[in-house]
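I'd like to ask you about the structure that follows.
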Amino acid sequence: MEHTEGLGRKCEVWVDGTLLDVCDGISSPEKRTPPGALEDVTFRYTTDETVSWEEAVEANPSRRVTLEPVKGWAYAGFGRVEQVMPVVIHFGLLRMEDPNWSTDEHLVGKFVRVPIDRLEIVPAEEE
């Protein structure tokens with residue numbers, strides 16, 4: 001972690017040499033997490049926009065795998081679906097569960113674009 005404004009606020013975290021703006025879900029209400037290496041943490045995201053899996057596949061025809069910053073802790077997530085039930089997407093830097101489930105095995109291996117409204121860092125046991 002590079003810096004945090006506190007629980008539920010902006011936090012800057014290095015992942016494989018890339019600085020990401022995320023929502024701090026690891027500090028306590030009383031104390032900010034100090035800068036430095038973090039252990040037993042993971043990333044998750046929320047999305048407010050409803051997008052069908054068909055639309056998500058159509059939105060990534062170039063088969064990109066990246067997190068593209070939009071604003072603050074919002075990103076356009078371009079990645080490859082690795083599994084369903086739950087849906088897990090590999091975005092290059094991060095591999096995360098999508099909050100929208102699917103049982104469609106045909107999604108595995110497809111490249112998608114999903115809106116990430118809030119990328120969060122949280123304790124690993126929460127996932």
Margin query: Under the criterion side chain to side chain contact (heavy atoms under 4.5 Å, CB included), I'd like the reasoning laid out for L119 against D21: C-alpha separation, chi angles, the key distance, then a yes or no.
Written below: CA-CA 8 Å; L119 180 60; D21 288 338; over 6 Å; no

Next item on the list: Work out which heavy atom in P123 is nearest to a heavy atom in G25; give both atom names and the distance.
Entry: CD-O, 3.4 Å

Next item on the list: List the atom of D24, the atom of C11, and the distance in Å for their closest heavy-atom pair.
Entry: CB-CB, 3.8 Å

Checklist line | Heavy-atom closest pair, residues H90 and R95 | finding: CD2-CB, 4.1 Å

Notebook entry, point to check: In terms of side-chain heavy atoms, does D117 have a donor or acceptor partner in T46 at a distance below 3.5 Å?
Noted result: no

Notebook entry, point to check: Does some side-chain heavy atom of I89 sit less than 4.5 Å from a side-chain heavy atom of V112?
Noted result: yes

Notebook entry, point to check: Do V51 and V81 sit in the same hydrophobic cluster, where Ile, Leu, Val, Met, Phe, Trp and Tyr count as joined when their side-chain heavy atoms come under 4.5 Å apart?
Noted result: no

Item checked: Rounded distance [0.5 Å steps], CD in E125 versus OG1 in T42 -> 10.5 Å

Check: Are V114 and V108 connected in the hydrophobic side-chain network, where two residues link if heavy atoms are under 4.5 Å apart?
Finding: yes

Checklist line | Result of checking F78, F43, Y45 against F91 for side chain to side chain contact (heavy atoms under 4.5 Å, CB included) | finding: Y45

Margin query: Under a 4.0 Å threshold between the charged nitrogen and the carboxylate oxygen, would R80 count as salt-bridged to E82?
Written below: no

Item checked: Heavy-atom pair with the smallest gap, counting every atom of G6 and T4 -> N-OG1, 3.0 Å

Check: Do W14 and L20 pass the side chain to side chain contact (heavy atoms under 4.5 Å, CB included) test, and can you show the C-alpha distance, the side-chain angles, and the key distance before you say yes or no?
Finding: CA-CA 6 Å; W14 289 99; L20 299 175; over 6 Å; no

Notebook entry, point to check: Is the shortest heavy-atom distance from the side chain of L7 to the side chain of S28 under 4.5 Å?
Noted result: no

Next item on the list: Could you go through the side chain to side chain contact (heavy atoms under 4.5 Å, CB included) check for V13 and L19 one step at a time?
Entry: CA-CA 6 Å; V13 180; L19 188 62; 5.8 Å; no

Note to self: I'd like to know if V15 and V88 are part of one continuous hydrophobic network [Ile/Leu/Val/Met/Phe/Trp/Tyr, side-chain heavy atoms within less than 4.5 Å].
What the structure shows: no

Note to self: Salt bridge check, K10 against E5: does any charged N sit closer than 4.0 Å to a carboxylate O?
What the structure shows: no

Notebook entry, point to check: How far apart are the closest heavy atoms of W53 and S102, and which atoms are they?
Noted result: NE1-CB, 3.6 Å

Notebook entry, point to check: Does the side chain of P86 reach to within under 4.5 Å of the side chain of E97, using non-hydrogen atoms?
Noted result: yes

Checklist line | Spacing of CD belonging to E68 relative to CD1 belonging to I116, to within rounding of 0.5 Å | finding: 11.0 Å

Next item on the list: Check whether I121 and W73 end up in the same hydrophobic cluster, where Ile, Leu, Val, Met, Phe, Trp and Tyr are linked by side-chain heavy atoms less than 4.5 Å apart.
Entry: no

Next item on the list: Evaluate side chain to side chain contact (heavy atoms under 4.5 Å, CB included) for F111 paired with V65, printing each intermediate quantity in order.
Entry: CA-CA 8 Å; F111 289 84; V65 177; 3.6 Å; yes

